[in-house]
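Report on one structure; see the data block that follows.
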Amino acid sequence: LRLPDFETYKTLISLLTPFHVRTHNQFNNFFDGAAGELSSRRAVLRVRFYRDEPGAKCVISLKAKPVLVNGVSRVEEDEEEIDISIGEECVANPNKLGLLVESCRIVKRVKDEFFSGNDNNNNIINSKGGLGFVGLGGFRNVRNVYEWKGLVIEVDETSFEFGTLYEVECESSEPEKAKEVIEEFLKENGVGYSDSVASKFWQIGLGREDPLQPSMRQIFFIFNLEPKSHAAPLLILFEQCVFITL
């Protein structure tokens, strides 16, 4: 659920203060294959740093097949903790991700599922023999976590280059029911909100706070042209490519 502004965010934080259990300082970075191997199949690789004291760590995740309907998001996610220094090296040089095939289960899975059969393509294999990756950007997120009425509620303050967004998240095996409970609480306390219509990663490509408003940010569409598939557009951002401006 999207919160409209900082004042609303502060109001909700105040209401939930008695139920606060922890705060995470997260730094998220996203990656694709050099030839769009992941994005063309609705997947992305994320390296997330937790700058918490104590408890600093780095987690690499494979996120795939995202669906966001009526404010309820579903996505396949597989994650693994890696050494912080290795994660920092990969952010500085994305191609170093490809050198983790033997030591990181997630990267090996990416190779097997998304790069299989392409070992002779120079755009995919980098000069050191590893898989080729490119960075897609990232954001900082301050996540306050609350345990309330049997739910784990996460209230996010997410900082992008273009501005700051505020959202409420809750992971649940029954997301629609959890959403109803949270919405009732927000309404009872006069807290304004709306359904989120784009994920945080999607916002990087849109380059604006409101995904429904026009933007002159340059973005690039990749179409899925696999046999027997529908050519559904997927929005991703590259540093170097031919741009279409919306």
Side-chain angles (χ1 to χ4, degrees), residues 1-3 6 9 22-34 36-39 42-53 55-68 73-98 100 104-107 109-110 114 133-145 152-171 196-211 217 219-220 234-239:
L1 298 174
R2 174 71 57 81
L3 303 176
F6 180 63
Y9 166 79
R22 70 185 66 90
T23 297
H24 292 305
N25 290 284
Q26 304 171 341
F27 293 81
N28 301 273
N29 303 270
F30 296 87
F31 304 87
D32 192 6
E37 290 83 1
L38 281 78
S39 60
R42 300 174 58 214
V44 68
L45 198 62
R46 182 189 69 197
V47 174
R48 168 180 284 175
F49 298 93
Y50 290 81
R51 303 298 189 185
D52 303 338
E53 294 296 341
K57 63 180 180 179
C58 179
V59 177
I60 184 170
S61 305
L62 174 62
K63 300 170 70 71
K65 300 178 181 178
V67 177
L68 178 59
S73 174
R74 290 178 171 84
V75 61
E76 296 178 9
E77 186 168 351
D78 188 12
E79 62 181 33
E80 177 182 1
E81 188 170 341
I82 61 174
D83 187 87
I84 292 177
S85 62
I86 293 176
E88 291 172 341
E89 290 178 1
C90 292
V91 172
N93 180 2
N95 277 325
K96 289 195 174 183
L97 280 165
L100 303 180
C104 177
R105 178 182 60 83
I106 296 295
V107 176
R109 179 183 170 188
V110 169
F114 298 93
F133 287 91
V134 293
L136 301 179
F139 53 80
R140 178 189 178 188
N141 187 51
V142 177
R143 170 165 289 176
N144 285 290
V145 183
V152 177
I153 297 177
E154 300 166 338
V155 182
D156 291 347
E157 180 181 14
T158 308
S159 301
F160 299 90
E161 290 183 359
F162 55 82
T164 304
L165 300 181
Y166 307 95
E167 287 186 317
V168 180
E169 296 188 5
C170 178
E171 291 189 13
S196 295
V197 297
S199 70
K200 292 182 178 68
F201 170 61
W202 183 265
Q203 298 283 354
I204 298 173
L206 291 172
R208 58 186 184 275
E209 297 180 35
D210 187 348
R217 177 69 175 260
I219 55 179
F220 185 61
L234 177 69
L235 175 68
I236 65 174
L237 179 66
F238 286 96
E239 293 181 358

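Keep in mind the model is a prediction, meaning the values are calculated, not measured.
For the atom pair Arg143 CZ and Arg22 CZ, the distance stands at 11.0 Å (nearest 0.5 Å). With rounding to the nearest 0.5 Å, the separation of CD1 in Ile82 from CG in Leu100 is 6.5 Å. Here the straight-line distance linking atom CZ of Arg48 with atom CG of Asn29 works out to 10.5 Å at 0.5 Å rounding. Atom CD of Glu77 and atom CZ of Arg46 lie 5.0 Å apart (nearest 0.5 Å). Atom NZ of Lys63 and atom CD of Glu79 lie 8.5 Å apart (nearest 0.5 Å).
Smallest separation of non-hydrogen atoms from Phe49 and Cys58: CE2-SG, 3.6 Å. Of all heavy-atom pairs spanning Ala43 and Leu62, the tightest one is CB-CD1, 4.4 Å. Phe31 and Leu97 make their closest contact through CG-CD1, 3.6 Å (heavy atoms, listed as atom of the first residue, atom of the second, distance). Considering every non-hydrogen atom in both Glu80 and Arg105, the closest pair reads OE1-N, 2.9 Å. Taking every heavy atom of both residues into account, Ile60 and Cys104 meet most closely at CG2-SG, 3.9 Å. Pairing each heavy atom of Phe139 with each of Ser159, the nearest pair is CB-O, 3.4 Å.
In this structure, Glu81 places its CD atom where more than 12 heavy-atom neighbours from other residues, nucleotides or ligands lie under 6.0 Å away.
Residues Leu45 and Phe114 have side chains not in contact (no heavy-atom distance under 4.5 Å, counting atoms from C-beta outward).
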Side-chain donor/acceptor pairs under 3.5 Å, residues 84-92, sequence neighbours excluded:
residue: Ser85; atom: OG; partner: Asp83; partner atom: OD2; Å: 2.3
residue: Glu88; atom: OE2; partner: Arg51; partner atom: NH2; Å: 3.2

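A distance-only check finds a donor-acceptor pair linking the side chain of Asp32 to the backbone of Leu38 [under 3.5 Å]. A distance-only check finds no donor-acceptor pair linking the side chain of Arg2 to the backbone of Val168 [under 3.5 Å]. With hydrogens and angles ignored, the 3.5 Å screen pairs a side-chain donor or acceptor of Asp52 with a backbone N or O of Asn25.
Between His24 and Tyr50, the ring planes lie perpendicular to each other; the angle is over 60°, past the 30° to 60° tilted range.
With respect to Thr158, the side chain to side chain donor-acceptor pair (under 3.5 Å) criterion is satisfied by exactly one of Asn28, Thr164, Asn141: Asn141.
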